[in-house]
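Below is one structure, written out as structure tokens; comments come after it.
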Amino acid sequence: QVQLVESGGGLVQPGGSLRLSCAASGTVVSIDTMAWYRQAPGKQRELVATISSGDNTNYADSVKGRFTISRDNARNTVYLQMNSLKPDDTAVYYCDADVSVRDGFGALALKKYWGQGTQVTVTS
């Protein structure tokens, strides 16, 4: 029904920047909250940032002031601008979206979708 495709990960030096993108495609009626998570090796998945349909944002304390989440509703896309990157930011980053779709009977259903993950590595 819906696919989330992530891009923008890579290798960067400490203090550098990356911009992650996550685009939803398929039978999207509307998208409510979108979010970014990350998971480092041996650690639990961590919520990084969220953005509501009204552009209200929340950030984990560890990234506040350095990361910015935004969305382009016309493109069904959420972004994560990451500045002043630190080695501790190294992780696989996953986007998440709460999406309204039509079920097989034409009724609206709210479903959660995940991107495939994109690797961010911060190292000298």
Side-chain angles (χ1 to χ4, degrees):
Q1 291 181 316
V2 175
Q3 300 81 43
L4 303 184
V5 179
E6 301 179 27
S7 62
L11 180 69
V12 66
Q13 293 183 328
S17 297
L18 286 172
R19 187 192 189 212
L20 307 183
S21 299
C22 175
S25 62
T27 56
V28 176
V29 176
S30 63
I31 302 178
D32 193 15
T33 300
M34 305 183 80
W36 287 96
Y37 291 76
R38 67 186 182 186
Q39 188 166 28
K43 297 184 178 180
Q44 291 185 304
R45 185 169 296 187
E46 173 190 17
L47 179 62
V48 176
T50 65
I51 184 166
S52 72
S53 60
D55 286 343
N56 294 120
T57 59
N58 287 284
Y59 298 92
D61 288 340
S62 59
V63 307
K64 196 171 298 181
R66 300 187 297 120
F67 291 11
T68 302
I69 188 171
S70 61
R71 63 193 289 166
D72 183 343
N73 292 327
R75 297 181 180 271
N76 288 332
T77 300
V78 62
Y79 304 94
L80 186 67
Q81 178 66 47
M82 304 184 294
N83 299 325
S84 302
L85 283 162
K86 304 175 180 179
D88 285 348
D89 296 319
T90 296
V92 178
Y93 284 70
Y94 299 90
C95 65
D96 168 85
D98 298 324
V99 182
S100 292
V101 300
R102 299 286 183 184
D103 65 16
F105 302 97
L108 285 175
L110 184 64
K111 296 184 179 294
K112 185 177 292 292
Y113 293 91
W114 291 88
Q116 81 280 9
T118 185
Q119 177 70 49
V120 172
T121 302
V122 185
T123 182
S124 299

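Everything numeric in this text was worked out from a predicted model, so none of it was measured.
Closest of all the heavy-atom pairs between A60 and E46 is CB-OE2, 4.2 Å. For the pair R38 and Y93, the tightest heavy-atom approach, listed with the atom from each and the gap, is NH1-OH, 2.9 Å. For the pair S53 and D32, the tightest heavy-atom approach, listed with the atom from each and the gap, is OG-OD1, 3.5 Å. Between S70 and I51 the shortest heavy-atom distance is CA-CD1, 3.7 Å. Here the closest heavy-atom approach between residue L85 and residue R66 is recorded as CA-NH1, 3.9 Å. When every heavy atom of L20 is checked against every heavy atom of M82, the shortest pair comes out as CG-CE, 3.7 Å.
For N73 (side chain) and N76 (main-chain N/O), no donor-acceptor pair under 3.5 Å exists by modelled atom type. Within the 3.5 Å criterion, the main-chain N or O of C22 finds no donor-acceptor partner in the side chain of E6. No side-chain donor-acceptor contact under 3.5 Å links Q1 to the backbone of G26.
Residues T57 and Y59 are in side-chain contact: their nearest non-hydrogen atoms beyond the backbone lie under 4.5 Å apart. In this structure the side chain of I69 never reaches within 4.5 angstrom of the side chain of F67, judged on heavy atoms.
Of the charged side-chain nitrogens involved, none lies within less than 4.0 Å of a carboxylate oxygen, so that K86 and D89 do not count as a salt-bridged pair.
If you chain together hydrophobic residues whose side chains sit under 4.5 Å apart, V120 and L80 fall into the same group. Linking Ile, Leu, Val, Met, Phe, Trp and Tyr whenever their side-chain heavy atoms come within less than 4.5 Å leaves V92 and V122 in two separate clusters. Residues V28 and V78 fall within the same hydrophobic cluster, defined by Ile, Leu, Val, Met, Phe, Trp and Tyr side chains chained together at heavy-atom separations under 4.5 Å. One hydrophobic cluster holds both V12 and V63 under the rule that ILVMFWY side chains link at heavy-atom gaps under 4.5 Å. Linking Ile, Leu, Val, Met, Phe, Trp and Tyr residues whenever their side-chain heavy atoms come within less than 4.5 Å places Y94 and L47 in a single cluster.
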- Message: As a quick check of understanding, evaluate side-chain contact (heavy atoms from CB on, under 4.5 Å) for Q119 and T90, giving each step before the final call.
- Response: CA-CA 8 Å; Q119 177 70 49; T90 296; 4.0 Å; yes
- Query: Do Q81 and Y79 pass the side-chain contact (heavy atoms from CB on, under 4.5 Å) test, and can you show the C-alpha distance, the side-chain angles, and the key distance before you say yes or no?
  - Reply: CA-CA 6 Å; Q81 178 66 47; Y79 304 94; over 6 Å; no
- Message: Using the rule given for side-chain contact (heavy atoms from CB on, under 4.5 Å), can you reason through L108 versus R102, listing the C-alpha separation, both sets of side-chain angles and the distance that settles it, and then say yes or no?
- Response: CA-CA 5 Å; L108 285 175; R102 299 286 183 184; 3.6 Å; yes
- Task: Determine, step by step, whether C95 and M34 satisfy the side-chain contact (heavy atoms from CB on, under 4.5 Å) criterion, reporting the C-alpha distance in whole Å, the side-chain angles of both residues, the deciding distance to 0.1 Å, and the verdict.
- Result: CA-CA 7 Å; C95 65; M34 305 183 80; over 6 Å; no
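Ring geometry for Y37 against W114 counts as tilted: the plane angle lies between 30° and 60°, on a 0 to 90° scale.
From R71, atom CZ reaches atom OG of S52 across 7.0 Å, with rounding to the nearest 0.5 Å. The structure places NZ of K112 at 4.0 Å from CG of D96, a figure rounded to the nearest 0.5 Å. With values rounded to the nearest 0.5 angstrom, D98 atom CG is found 5.5 Å from T33 atom OG1. Taking CG of D103 as the reference point, atom NZ of K111 lies at 7.5 Å (rounded to 0.5 Å).
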